[in-house]
Amino acid sequence: MTEQTHRFKAVIAGKTYTIVGQTSDEHMRAVTEVLNQQFSQLKQLSPEISKEDAAILMAFNAISDQLKMAAKQDAADSASAEAGE
């Protein structure tokens, strides 16, 4: 069964965005909360940082984490395949 696409209003760094997706509102709220926490941490560490620069750094960190997890999964899949031979 496919999920319905729906709209979710998220307030991120003080600005309201309408996010369109197929994930649950609970997931969208969790993502919004983590994003706002990361933004607040960046602003505390670097109060002069612009919202644009903070967004770029958060995107860089998210993609870096995603690539690390994919590499870990690939290594686990390879180890599992070798063990099954």
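Nothing fancy with the numbering, it's 1 onward along the sequence. Because the structure is a prediction, the values reported are computed rather than measured.
- Hydrophobic cluster membership of M69, counting Ile, Leu, Val, Met, Phe, Trp and Tyr whose side-chain heavy atoms lie under 4.5 Å apart directly or via other members: none, as it forms a cluster of its own.
- Residues E48 and S46 meet the side-chain proximity criterion, which asks for heavy atoms closer than 4.5 Å.
- For residues 70-79, every residue pair satisfying the side chain to side chain donor-acceptor pair (under 3.5 Å) rule, not counting sequence neighbours, is listed here: Q73-D77.
- Between the side chain of H6 and the backbone N or O of T23 there is at least one donor-acceptor pair closer than 3.5 Å.
- Take V20 and apply the side chain to side chain contact (heavy atoms under 4.5 Å, CB included) test, not counting sequence neighbours, and it matches T5, R7.
- K43 NZ: more than 12 foreign heavy atoms inside a 6.0 Å radius.
- Here I19 sits in one hydrophobic cluster together with F8, I12, Y17, M28, L35, F39, L42, I49, L57, M58; the rule is ILVMFWY side chains under 4.5 Å apart, joined directly or through other members.
- Summarising the local packing, CD of E26 is surrounded by 12 or fewer heavy atoms from other residues, nucleotides or ligands at distances under 6.0 Å.
- Shown here for A13 and N36, the closest heavy-atom pair between the two residues is N-OD1, 2.8 Å.
- The hydrophobic cluster analysis finds V11 isolated: no Ile, Leu, Val, Met, Phe, Trp or Tyr side chain comes under 4.5 Å of it, directly or through other members.
- When hydrophobic side chains of Ile, Leu, Val, Met, Phe, Trp and Tyr are connected at separations under 4.5 Å, I56 ends up as a singleton with no cluster partners.
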